[in-house]
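Right, one structure below, let's go through it.
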Amino acid sequence: MKKNAFLEGMRDSIPIGLGYFAVAFSLGILAKNAGLNAVQGFIASFFNVASAGENALFNSILNHETYIQVAIITLVVNARYFLMSCSISQKFDPKTKFVHRLLVGFGVTDEIFGITIARKGYVEPMYNYGAFTFAIPCWAIGTSLGIIAGSILPVRVVNALSVALYGMFIAIFIPPAKKNLIIAIGVITSFVLSYVCSIAPYIKDISPGTRTIILTILISAVLAIIKPVKDEENSSDNNN
């Protein structure tokens, strides 16, 4: 039964892994610009399987942020995984050992959370291990190859590939923004305030990483106060 769950996890993660490879390749270009080599990029991606988190990480390295700033901005950007892990924890068999809970939590991403939470019954750790076996190496290898390509390809091509990462983020937030006015307002506000802070006296002298941390916390806090998510909306989302 556990073997079947492992194989099912690998099967379900194939499209996820292929998508990860393409996205991670673009992240590799950014990692190359930040000064990382292929081995360092592989390690960074293997232990931080998060596109937004790694984008923040590599940009922080590029901007020579302090270790504390890197830790805080990565924590803030990846905070949603706390909520996903808490949701998954409710589906574990009470007898599941702590080590399995810990390892499953390590590999939680938006996509793997989706295929995990969609399964009926208790969470079977072997299913997640199967998903990790294919998806995470694709992510890490994609980053390494992106770094290698960044060292070989002409500068114009590298710059063009760097733009693909921004296209990915646009593809992530546009669909929910079209469905939810509050999300749309939050996105637009983030763009505007980010630009204003980059040119405003005194504020522009603050490091980009610190500005991002402050804006992320302030905007999300204000929106949460103005328009909190109701329990009925959460229940509706979970049932869809």
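Since the model is a prediction, treat every value here as computed from it, not as a measurement.
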Are [X] and [Y] linked by a side-chain donor-acceptor pair shorter than 3.5 Å?
| X | Y | value |
| --- | --- | --- |
| T74 | N48 | no |
| T96 | Y122 | no |
| Q69 | S60 | no |

**Prompt:** Who are the side-chain hydrogen bond (donor to acceptor under 3.5 Å, both in side chains) partners of R119, not counting sequence neighbours?
**Reply:**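 For R119, the residues satisfying side-chain hydrogen bond (donor to acceptor under 3.5 Å, both in side chains) (neighbours in sequence not counted) are E8.
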
**Item:** S89: side-chain hydrogen bond (donor to acceptor under 3.5 Å, both in side chains) partners, not counting sequence neighbours
**Value:** none

**Message:** If we ignore hydrogens and angles and just use 3.5 Å, is the side chain of S13 paired with the main-chain N or O of M10 as donor and acceptor?
**Reply:**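 Yes; judged by distance alone, with no hydrogens or angles, the pair exists.
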
Listed pairs under 3.5 Å, donor-acceptor, residues 191-199 side chains, sequence neighbours left out:
residue: S198; atom: OG; partner: Y195; partner atom: O; Å: 2.5

**Asked** Between CD1 of I112 and CG of N128, what distance do you get to the nearest 0.5 Å?
**Response** 7.5 Å

**Prompt:** Any chance CZ of F106 has more than 12 other-residue heavy atoms, nucleotides or ligands included, within less than 6.0 Å?
**Reply:** yes

**Asked** Within a radius of less than 6.0 Å around CD1 of I68, do more than 12 heavy atoms belonging to other residues, nucleotides or ligands occur?
**Response** no

**Request:** Might you work through the side-chain contact (heavy atoms from CB on, under 4.5 Å) test for F134 and I16, ending with a clear yes or no?
**Result:** CA-CA 9 Å; F134 185 81; I16 294 174; over 6 Å; no

**Derivation and outcome, side-chain contact (heavy atoms from CB on, under 4.5 Å), residues I136 and Y20** = CA-CA 8 Å; I136 293 180; Y20 281 178; 6.0 Å; no

